[in-house]
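Accompanying notes for the structure given below.
Keep in mind that what you see is a predicted model, and the values were worked out from it rather than measured.
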Amino acid sequence: AEVAVATAAPPAPAPEPPDEFVCPISQDVMNDPVIASDGHSYDRWAIERWFQINEERLTSPKTGVSLATPGFFPNYGLKRQVI
């Protein structure tokens with residue numbers, strides 16, 4: 001006689017994070033989101049690096065449009081949602 005063996009179903013994959021939680025540069029969920037002068041949010045380390053690499057030609061990582069300033073400021077609302 002054969003014995004039936006119960007097998008556990010594989011775990012469900014983790015849900016994908018919302019697009020607004022993902023940095024357009026690193027493609028990872030942001031830890032320290034900031035808003036750049038293009039109006040888009042990026043992870044702080046990623047946009048700082050972008051500005052270092054592209055200091056001669058300051059452009060938006062998301063749109064490619066020229067930026068007036070490499071400045072950015074914290075996106076506290078998004079940070080509260082991500083954490």
Heavy-atom side-chain proximity of [X] to [Y] below 4.5 angstrom:
| X | Y | result |
| --- | --- | --- |
| Pro74 | Arg44 | yes |
| Phe21 | Leu78 | yes |
| Val34 | Phe73 | no |
| Trp45 | Ser26 | yes |
| Met30 | Val22 | no |

Quick one: [atom1] on [X] to [atom2] on [Y], what's the gap to the nearest 0.5 Å?
| X | Y | atom1 | atom2 | result |
| --- | --- | --- | --- | --- |
| Asn54 | Ile47 | CG | CD1 | 9.0 Å |
| Ile25 | Glu48 | CD1 | CD | 10.5 Å |
| Ile35 | His40 | CD1 | NE2 | 11.0 Å |

Restricting to non-hydrogen atoms, name the atom on [X] and the atom on [Y] that form the minimum distance, rounded to 0.1 Å.
| X | Y | value |
| --- | --- | --- |
| Pro61 | Tyr42 | CD-OH, 3.5 Å |
| Ser41 | Asn75 | OG-ND2, 2.7 Å |
| Asp43 | Cys23 | N-SG, 3.5 Å |
| Leu67 | Ser60 | CG-N, 3.7 Å |

Below 4.0 angstrom, N of the basic side chain to O of the carboxylate: do Lys62 and Asp38 qualify?
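Salt bridge flag = no for Asp38 with Lys62.
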Can any side-chain N or O of Thr59 pair as donor or acceptor with the backbone N or O of Ser66 at less than 3.5 Å?
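Not a single qualifying donor-acceptor pair exists.
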Would you say that more than 12 heavy atoms from the other residues, nucleotides or ligands in this model lie under 6.0 Å from the CD of Gln27, or not?
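Correct, the count exceeds 12.
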